[in-house]
Amino acid sequence: MPTPRRPSTEAEAAALASGIRLRIIRLTSFEAMTNKELAERLGRDPATTLHHVRRLVETGFLTPLEERRGARGAKEIPYRSTGLSWQLDNGTAVASVGQAMLEAYLAEMGEADAAEVDSSRLVFQVAPAEVAEFKDRLTQLLEEFRERPAEPGADRTAIYVSIYPSR
């Protein structure tokens, strides 16, 4: 049975309505990263990245870890995803959050080795109740894999799912 999701607050939905922020959440899901590391990984200016990091901390999507000293002695704060984004139902904000998810997906796909991408596309014709069943079963499968313990050293696998009416 999937974990029940709570409605996102307006601030949470607004924070998720950014492809860059979604990428930051994903990048920090399994390892903590500093603002500098995030900026380098995303090819962004550190000041701009820090703005996004602060917004994610304010809304509970990232948590700062213990301060540390970098290679040159500068203060660094690593950040880690809290997993909150998976616990939310974005309700009325779904369009803006969905657009941000698509932006994040396209940026990540642009960085991926095409030979390692496994893509599928399918259209089927069933009653609305069966579409609801399909969504529930897919959510259960995703939840099952999300709840598995992280395997140290294992490769990360990402998935993007979009269910929409095919007209």
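Heads up: numbering here begins at 1 and tracks the sequence.
Partners of R26 according to the salt bridge (charged side-chain N to carboxylate O under 4.0 Å, His left out) rule, which considers only residues two or more places apart in sequence or in another chain, are E108. Residues satisfying the side chain to side chain contact (heavy atoms under 4.5 Å, CB included) test with E12, not counting sequence neighbours, are R6, S8, T9, F61, L84, L88. Judged as a side chain to side chain contact (heavy atoms under 4.5 Å, CB included), and not counting sequence neighbours, the contacts of R69 are E67, K75. In this structure, E40 has no side-chain hydrogen bond (donor to acceptor under 3.5 Å, both in side chains) partners at least two apart in sequence or on a different chain. A search for salt bridge (charged side-chain N to carboxylate O under 4.0 Å, His left out) contacts involving R80 returns nothing, not counting sequence neighbours. Shown here are the side chain to side chain contact (heavy atoms under 4.5 Å, CB included) partners of A100, two or more places apart in sequence or in another chain: L22. In terms of the side chain to side chain contact (heavy atoms under 4.5 Å, CB included) criterion, residue partners of E103 (sequence neighbours excluded) are, by chain and number, Q99. Here R156 pairs with E31 under the salt bridge (charged side-chain N to carboxylate O under 4.0 Å, His left out) rule; sequence neighbours left out. Residues forming a side-chain hydrogen bond (donor to acceptor under 3.5 Å, both in side chains) with R148 (at least two apart in sequence, or on another chain): E144.
Contact of the R68 side chain with the E76 side chain is registered, since non-hydrogen atoms from C-beta on lie closer than 4.5 Å.
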Exercise. Run the side-chain contact (heavy atoms from CB on, under 4.5 Å) check on T34 and Y79 step by step: do they pass?
Worked result: CA-CA 6 Å; T34 65; Y79 297 91; 5.8 Å; no
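With values rounded to the nearest 0.5 angstrom, M101 atom CE is found 8.0 Å from S85 atom OG. To the nearest 0.5 Å, atom CG of residue L38 and atom OG1 of residue T49 are 7.0 Å apart.
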Side-chain donor/acceptor pairs under 3.5 Å, residues 116-134, sequence neighbours excluded:
from : atom 1 : to   : atom 2 : distance (Å)
E130 : OE1    : A127 : N      : 3.1
E133 : OE2    : R137 : NH1    : 3.3

If you look only at distance, which donor and acceptor atoms sit under 3.5 Å apart when one is on a side chain in residues 159-167 and the other is two or more places apart or in another chain?
none

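Between A150 and P152, the closest heavy-atom pair is O-CD, 3.4 Å. The two residues P46 and N35 make their nearest non-hydrogen contact at O-ND2, 3.0 Å. Considering every non-hydrogen atom in both G83 and S81, the closest pair reads N-OG, 3.2 Å. Of all heavy-atom pairs between R23 and A104, the closest is CG-CB, 3.7 Å.
Of the residues listed (L27, L65, L62), the one engaging M33 in a side chain to side chain contact (heavy atoms under 4.5 Å, CB included) is L27, and it is the only one. The residue from I20, I25, L42 that alone fulfils the side chain to side chain contact (heavy atoms under 4.5 Å, CB included) condition with H52 is I20.
Applying the salt bridge (charged side-chain N to carboxylate O under 4.0 Å, His left out) rule to pairs touching residues 45-58 yields nothing, sequence neighbours excluded.
Within 6.0 Å of CG in D113 there are more than 12 heavy atoms belonging to other residues, nucleotides or ligands. Within 6.0 Å of CD on E111 lie more than 12 heavy atoms contributed by other residues, nucleotides or ligands.
Under the 4.5 Å side-chain heavy-atom criterion for ILVMFWY residues, no single connected hydrophobic cluster contains both F30 and I77.
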